[in-house]
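Reminder, nothing fancy here: chain letters follow the sequence lines and each chain counts from 1.
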Number of protein chains: 2
Amino acid sequence: MAGEVKKMSVRLNFFENDGFDFQLMRSIGLNHYGGASIGECLSTAKRIRDGDVVSWVDEWNATARMIEEEADVFRERDEIISARDSYLRASMYYRAAEYFGFFSEPSRRENWEKSKECFQKAAKFFEALCEVIEIQFEDMKLPGYFIKPEDDLKKRPTLLIMSGFDGTSEELYFYLGAGAVARGYNVLLFEGPGQVGPIHMYPEKPFRPDYEVPVKAAADYALLRENVDEECLALVGFSLGGYFAARAAIYEKRIKACVVDSPVIDISRYYEGFEHIEELAKIKEEDYEELFSENPFIRWAVETFTRRYGTKTISEALDKIKEFNIVSDLDKITCPTLALVGEGEGDEAIFQTQRFYEGVSGSKALRMFTEKEGADSHCQITNLSLMNAAVMMWLDGVFSK
Amino acid sequence: MAGEVKKMSVRLNFFENDGFDFQLMRSIGLNHYGGASIGECLSTAKRIRDGDVVSWVDEWNATARMIEEEADVFRERDEIISARDSYLRASMYYRAAEYFGFFSEPSRRENWEKSKECFQKAAKFFEALCEVIEIQFEDMKLPGYFIKPEDDLKKRPTLLIMSGFDGTSEELYFYLGAGAVARGYNVLLFEGPGQVGPIHMYPEKPFRPDYEVPVKAAADYALLRENVDEECLALVGFSLGGYFAARAAIYEKRIKACVVDSPVIDISRYYEGFEHIEELAKIKEEDYEELFSENPFIRWAVETFTRRYGTKTISEALDKIKEFNIVSDLDKITCPTLALVGEGEGDEAIFQTQRFYEGVSGSKALRMFTEKEGADSHCQITNLSLMNAAVMMWLDGVFSK
């Protein structure tokens, strides 16, 4: 029996609904490198009906539009720094609106597109050089960004950074992208099949267990660039990206270091730790329509889960997820690894982190962030600054920078 | 009869005690340019007993020490960006500890000194050039910082920035200093008599109504520097600095633009709007000792208020404060002015802002920030990014930059 999986131990308690409270904290935590202002987040949250996903989407969209309009005014008046800062925040507020949207309605995709658009408008005013890129993969073009500290040809250590179930490459900029570039690294932020951008672009291409295949395409892309030091190529995965990155590290030996935050080695067991998942799995497909009209939260959960895993029901998705398991292959991870987890993430997340750490073959480190450090949360969203410091110190050591 | 004076309309509700809840929000809001991580703030707040000033000081000091130790480790390992970021946060956590300290105990001054020390350790790693300065004024050396975007001799528009009752020049870096430097301005952050630094250094030199005198010393200092464009010298005052700056603008004509956030033109009337002030004023001096041992909050309030105004009792301070009044001199403010206030600051703060706006003679603008903008709070601490954008757009216009 799996233990619990949670998001954090220190709550805001602005919402009673756990998911809403964590997602609000996520929005606020993105203030790291300018993805939020707490006043805009709380003012938005105050207008949202607790637990009502429709209200969530509407209010974040309203805030995002307001901030985007501000940004437009600043840009027109040549107030470059202010325009950049407002576009960055608008981008993350559109992302928040995307999160609780319905795949069966166009607004979810529109919020994603606006999030991307605002980020790209901001990126024109970055000091670092930020290129919007596409990675050719099978018949898809995976979206992403290549950011380098200076516009030169110097070879630099390079991070391939991935998110998980619901993050975007834009969001990764605030998580670690900006922090790595500030420390002299190139970063490639990208999304693979089933993740936010690709699932909007290619709804028929869900998550796949063999994530080393899209990661190979990203590594190919990076290594073709003249300014990437091939001896210093690292892969970083956040949230469910902790599975994708670990899986890729088993096969992709051009990856010279791997950071997993947190390591997920058995997604099936990880999901068992979620509240409500069993109840959701019991709902029969023929009952979806009626339940959806009664309960928008269930509609959102079912639509989101089944779309990403490419199934018709939650129950089928949970079956399929059994393939997402690397428990018996951990010893094939031979590069140096850093395993990260928050102590507020629950027993199961901590258990999988420890098993990962014990199982891998290369040099390794494990850090469990604490509540005292203000970093007990999933992906350390409450203290990205500390997570950045820990990740970059470890990488500097591995690459003897 | 004066109206109410409040701090904000959107609360965190992490503490029931209003003052604690606002001070926590202030700490979190300083994440603008890296002065906080929300996880560290909430983890600290969770350990604090609601309304207990001793607990507040102890827990912020504990967090500050922890983060400072992290910073020391990063610095030893040559992790410059991480060291800088941690010193910045430690600096603001020591500042929070200073806030609710007792002047009659050495720890209050120690927390101020540590706040300064950590900030200065961080400042060595700024991209901009940050000099620790002293402004000779009467027999005092007023503490401050002169920050310029590049280490050159180019003449640039320059902001003199002041705080109010309880802010420090270090804190001003996060409020507006960093944002102004990012936009190509020089900034001089400084503190005058009665403010945090000077009152620790010169306990016998309280606030004075004729604040144009210390401001003149700061302007003299700035104008001696080769890289200050004397046609583009602006003065900015936050919180009670809204009085100090407005007062100085009446007399100091080298100030070419003045930003007051918010304008306080009659401190006496402003204080009438505070909860509890009347009760505190009724306490007799002979009852202080007994009450102080029973109620540390009262001890803190009385010690803080009387020290800053240089009186023995609150009642005497309120008498003295009647001199802090510029109602009949507003027309002598002839430079362009920008008046800022949050709609959550209460009727009295808004009333004084409007009277200021109506009374001044130069070209003028008034902006009332709203709850919808997430900026209804005192000094817009919940949305410093928006306040920065508004201030800098206005200044760029005045100086036709």
Side-chain angles (χ1 to χ4, degrees), chain A residues 8-14 25 28-29 31-34 36-47 62-63 66-67 70 73-74 77-83 85-86 89 179 182-184 369-377 380-386 388-390 392-393 396-397, chain B residues 8-14 25 28-29 31-34 36-47 62-63 66-67 70 73-74 77-83 85-86 89 179 182-184 369-377 380-386 388-390 392-393 396-397:
Chain A
M8 56 187 174
S9 53
V10 180
R11 283 189 55 156
L12 269 177
N13 284 319
F14 209 88
M25 187 73 106
I28 297 172
N31 61 35
H32 188 243
Y33 285 97
S37 96
I38 187 168
E40 287 161 358
C41 293
L42 294 182
S43 163
T44 305
K46 201 176 162 184
R47 300 192 307 264
T63 296
M66 176 179 75
I67 308 301
E70 281 174 18
V73 171
F74 295 140
R77 300 200 191 172
D78 218 23
E79 293 286 322
I80 297 307
I81 303 287
S82 301
D85 291 356
S86 292
R89 301 203 306 282
R183 289 164 174 91
F369 291 100
T370 66
E371 178 181 313
K372 193 179 169 199
E373 293 170 324
D376 55 284
S377 50
Q380 298 80 57
I381 187 64
T382 49
N383 198 349
L384 293 175
S385 185
L386 180 63
N388 278 222
M392 299 312 296
M393 185 159 72
D396 284 350
Chain B
M8 56 187 175
S9 53
V10 180
R11 283 188 55 156
L12 269 177
N13 284 319
F14 209 87
M25 187 74 107
I28 297 172
N31 61 35
H32 188 243
Y33 285 97
S37 96
I38 187 169
E40 287 161 358
C41 293
L42 293 182
S43 164
T44 305
K46 202 177 162 184
R47 300 192 307 264
T63 296
M66 177 179 74
I67 308 302
E70 280 174 19
V73 170
F74 295 140
R77 300 201 190 172
D78 218 24
E79 293 286 323
I80 297 307
I81 303 288
S82 302
D85 291 356
S86 293
R89 301 202 306 282
R183 289 164 174 91
F369 292 99
T370 66
E371 178 180 312
K372 192 178 169 200
E373 293 170 323
D376 55 284
S377 50
Q380 298 80 56
I381 187 64
T382 50
N383 198 349
L384 294 175
S385 185
L386 180 63
N388 278 222
M392 299 312 296
M393 185 159 72
D396 284 350

Chain B contact via A:R47 - which portion, at a heavy-atom distance below 4.5 Å: side chain

Portion of A:I28 that has a non-hydrogen atom of chain B nearer than 4.5 angstrom: side chain

Chain A contact via B:Q380 - which portion, at a heavy-atom distance below 4.5 Å: neither

Set of side chain to side chain contact (heavy atoms under 4.5 Å, CB included) partners for A:N383, sequence neighbours left out: A:A375, A:S385, A:L386, B:S37, B:E40, B:R89

Per-residue contact mode, A:M393 against chain B (heavy atom under 4.5 angstrom): both

Distance in Å, B:T382 OG1 paired with B:M25 CE, rounded so as to fall on 0.5 Å steps: 6.0 Å

Closest non-hydrogen atom pair between B:Y33 and B:R183, with its separation: OH-NH1, 4.4 Å

A:I38 CD1 to A:N31 CG distance, which is reported to the nearest 0.5 Å: 7.5 Å

For chain A, the option from B:E371, B:K372, B:E79 that forms the most heavy-atom pairs under 4.5 Å: B:E79

Heavy-atom closest pair, residues B:A389 and A:F74: CB-CZ, 3.4 Å

Pairs of heavy atoms under 4.5 Å with chain B: top-ranked of A:A390, A:A45, A:S377, A:G374: A:G374

Contacting moiety of B:L42, where chain A heavy atoms sit under 4.5 Å: both

Heavy-atom contact with chain A under 4.5 Å, split by part of B:M8: neither

Contacting moiety of B:K46, where chain A heavy atoms sit under 4.5 Å: side chain

Most contacts with chain B, counted as non-hydrogen pairs under 4.5 angstrom, among A:S9, A:G29, A:S43, A:S86: A:S43

Leading residue by heavy atom contact count with chain A [cutoff under 4.5 Å; candidates B:I81, B:L384, B:N388, B:D85]: B:I81

